[in-house]
Amino acid sequence: MTQEHQGGSRGWAATRKGVRSRLRLTSLRLRLVVVFGLVALTAAVSASGIAYWLNREAVLTRTQDAVLRDFEQEMENRAGALPARPTQDELQHTAGQMAGSSQRFGVLLVAENADGEAVYGSSGGLGGFSLADVPESLRTAVNKEQKVTSANKYPYHLYWQRVVEDGTPYLVAGSKVIGGGPTGYMFKSLEPEAKDLNSLAWSLGIATALALLGSALLAQALATTVLKPVHRLGVAARRLGEGKLDTRLRVSGTDELADLSRTFNSAAEALEKRVADMADREQASRRFVADMSHELRTPLTAITAVTEVLEDELEFEGGGIDPMIEPAVRLVVSETRRLNDLVENLMEVTRFDAGTARLVLDDVDVADQITACIDARAWLDAVDLDAERGIHARLDPRRLDVILANLIGNALKHGGSPVRVSVTRADDEVVIRVRDHGPGIPEDVLPHVFDRFYKASASRPRSEGSGLGLSIALENAHIHGGEITAENSPEGGAVFTLRLPQDASVPAEEEAGKAGDAVPGEDAGDAGQGKGKDAKGQA
């Protein structure tokens with residue numbers, strides 16, 4: 001696949017993703033379009049239905065009144081002129097004359113001849129309009145004689161009914177000649193009116209569809225107008241969340257959205273100022289710690305040299321140290337060593353905070369590295385190692401040694417022997433577990449074991465540890481792209497789990513790219529914590 005084709009595929013995928021995001025069910029844009037569409041559809045259907053009903057009634061009523069009026073006139077003028085006992089020819093002739101009126105309806109006349117037999121006359125001949133085409137209920141109503149009263153002046157009336165045959169609507173009416181005479185029925189097709197009404201219905205349907213489409217387009221345009229500032233606000237909020245604190249919105253207008261944009265800009269400006277102030281204070285604090293640690297190293301070097309001489313005198317048999325001041329000398333030696341370790345730890349912490357810590361990677365046999373760490377600190381009798389040879393990883397040996405020294409030393413000091421160290425491989429990770437057989441870590445302490453200067457017991461404020469060991473171990477794991485977790489084992493004791501990638505080159509390069517302030521006068525590789533018996537961490 002060519003690069004151009006790949007670019008086109010990515011562009012199409014991005015476009016399709018954008019369309020899907022705009023049309024997802026939770027999209028405000030889609031909801032606006034749907035609501036506008038439903039409102040427009042409801043209004044258009046209601047208006048079209050009312051218009052159709054009104055026009056239908058008007059068309060049918062007008063046609064019906066005209067036909068019935070013409071039929072009634074024909075019955076009065078032509079059927080009323082027939083003798084009481086007409087012949088079939090007379091009925092046939094009169095029916096033809098009546099059908100020739102302006103309304104062009106079919107006519108059926110029914111009467112009795114001189115012999116008392118029923119005779120019929122149809123305008124359409126023998127195969128035309130017949131009595132079977134007239135509903136029985138209509139025939140009954142037409143032939144029923146009603147009582148004449150002051151409110152009802154005639155015994156017979158004109159009745160009509162709409163029927164549908166073969167999908168075509170018809171108007172059927174009937175009346176009887178008052179005073180004796182034939183009974184007449186009229187049959188009028190309403191197909192032209194039905195076609196007109198169907199055309200009207202199609203027109204109203206098309207108008208409804210156009211109204212719906214227009215409302216959707218209007219809703220889309222309105223949604224674009226309304227949601228565009230909201231979209232810009234969302235983008236700006238995401239950029240602000242990503243740390244781009246100089247993000248601002250362009251404000252135009254005086255509506256609510258403009259007020260919202262102004263509020264966002266004010267909040268972003270206040271946040272930028274506050275973060276800048278905090279960063280300045282943090283920078284000053286880091287610089288102070290770095291400078292203080294660096295300045296302490298010069299007198300500490302001299303003091304350490306003196307304490308080493310004093311320590312040699314203490315170990316020399318028959319030395320010149322007065323037994324009365326020997327405890328004080330030992331205290332000075334111990335506290336000097338502790339102070340030296342604290343300064344070294346502070347220097348290392350400062351490097352992590354400033355982002356100047358670097359990895360020096362090498363191919364490491366993890367089991368050999370753990371063995372070397374334990375052997376260098378004379379922990380062979382107290383640590384049970386369960387690690388097969390041949391598990392290699394690309395790591396920083398010095399920093400791995402710092403992590404192991406802190407975890408194992410912490411387990412030996414605050415847990416219980418024996419301490420078991422196991423190494424396994426999971427996917428592309430190396431997993432190292434350090435478990436002790438002590439009382440475990442209290443539940444309220446677990447969330448804080450990696451906090452700086454945190455000590456589990458207030459009764460041990462002057463323990464040998466600095467309270468920075470586990471924090472430094474965690475930072476060294478992070479710079480490798482790994483993690484350390486602490487928990488209590490169901491069988492008792494605490495378990496620290498170290499997970500490191502087999503190839504830490506990518507996380508190391510990312511970490512090395514961070515900007516920060518170097519510790520004055522100190523190279524990143526000079527940190528010496530993790531060496532010797534005082535490298536144990538403090539939980």
Side-chain angles (χ1 to χ4, degrees), residues 348 357 359-438 440-441 446 449-450 465 469-508 511 527 529-533 535-539:
E348 185 70 0
L359 290 178
V360 181
L361 299 175
D362 194 6
D363 187 69
V364 175
D365 187 309
V366 179
D368 290 343
Q369 184 70 26
I370 298 176
T371 302
C373 175
I374 296 173
D375 185 55
R377 292 161 180 82
W379 290 338
L380 289 175
D381 295 336
V383 178
D384 181 12
L385 178 61
D386 179 15
E388 61 176 297
R389 298 295 189 271
I391 299 179
H392 290 266
R394 186 169 175 76
L395 304 168
D396 186 328
R398 185 187 67 83
R399 295 189 182 277
L400 178 59
D401 183 81
V402 171
I403 298 173
L404 294 173
N406 278 290
L407 294 182
I408 299 174
N410 188 79
L412 289 172
K413 183 175 182 180
H414 301 292
S417 297
V419 172
R420 182 179 178 83
V421 180
S422 63
V423 181
T424 57
R425 184 174 7 216
D427 297 331
D428 294 331
E429 289 183 331
V430 175
V431 181
I432 303 174
R433 288 184 174 86
V434 178
R435 179 192 169 191
D436 61 53
H437 289 76
I441 304 174
L446 269 176
V449 292
F450 296 106
L470 289 180
S471 173
I472 291 175
L474 182 62
E475 294 290 351
N476 278 296
H478 285 170
I479 198 175
H480 281 88
E483 186 60 67
I484 304 177
T485 57
E487 59 185 347
N488 289 316
S489 173
E491 291 81 13
V495 180
F496 285 83
T497 303
L498 168 64
R499 297 180 181 272
L500 295 175
Q502 284 193 277
D503 186 355
S505 58
V506 174
E511 185 69 25
Q529 77 276 11
K531 305 294 183 181
K533 63 181 181 179
K536 303 171 186 177
Q538 177 68 40

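- Side-chain contact between R398 and V360 is absent, with no heavy-atom pair separated by less than 4.5 Å.
- If you take NE2 on H480 and CG on L361, they are separated by 6.5 Å, rounding to the nearest 0.5 Å.
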Just distance, no hydrogens or angles: give the donor-acceptor pairs under 3.5 Å from side chains in residues 489-498, sequence neighbours left out.
| from | atom 1 | to | atom 2 | distance (Å) |
| --- | --- | --- | --- | --- |
| S489 | OG | E491 | N | 3.3 |
| S489 | OG | E491 | OE1 | 2.8 |

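- For D363, the CG atom sits in a packed shell: over 12 heavy atoms of surrounding residues, nucleotides or ligands are nearer than 6.0 Å.
- For the atom pair L400 CG and Q369 CD, the distance stands at 5.0 Å (nearest 0.5 Å).
- With C373 as the fixed residue, the side-chain contact (heavy atoms from CB on, under 4.5 Å) test singles out one of V402, L407, L404: L404.
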Q | I432 and V421: CA distance, side-chain angles, deciding distance, side-chain contact (heavy atoms from CB on, under 4.5 Å) verdict | A | CA-CA 7 Å; I432 303 174; V421 180; 4.0 Å; yes
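- In terms of heavy atoms, I403 sits closest to A477 at CD1-N, 3.7 Å.
- Rounding to the nearest 0.5 angstrom, the gap separating the CG atom in D436 from the CG atom in N488 is 9.0 Å.
- The two residues V423 and A387 have their closest heavy-atom pair at CG2-CB, 3.5 Å.
- The residues R389 and D368 are annotated as salt-bridged, a charged nitrogen and a carboxylate oxygen being separated by less than 4.0 angstrom.
- In this structure, G482 and L500 approach most closely via the heavy-atom pair CA-CD2, 4.2 Å.
- In terms of heavy-atom proximity, I408 sits nearest to I374 at CD1-CG1, 4.0 Å.
- The structure places CG of D401 at 12.5 Å from CG of L395, a figure rounded to the nearest 0.5 Å.
- Taking CG of D375 as the reference point, atom CG of L380 lies at 5.0 Å (rounded to 0.5 Å).
- The shortest heavy-atom contact between P397 and V364 is CG-CG2, 3.7 Å.
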Q: Could you please spell out the steps behind the side-chain contact (heavy atoms from CB on, under 4.5 Å) verdict for Q502 and R394?
A: CA-CA 6 Å; Q502 284 193 277; R394 186 169 175 76; over 6 Å; no
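- Among all heavy-atom pairs drawn from A393 and V430, the shortest one is CB-CG2, 4.0 Å.
- In this structure, CD1 in I484 is found 8.5 Å from CG in N406, a value given to the nearest 0.5 Å.
- Screening residues 493-502 for salt bridge (charged side-chain N to carboxylate O under 4.0 Å, His left out), with sequence neighbours left out, gives E429-R499.
- Only one option out of R420, R435, R433 pairs with D386 in a salt bridge (charged side-chain N to carboxylate O under 4.0 Å, His left out); it is R420.
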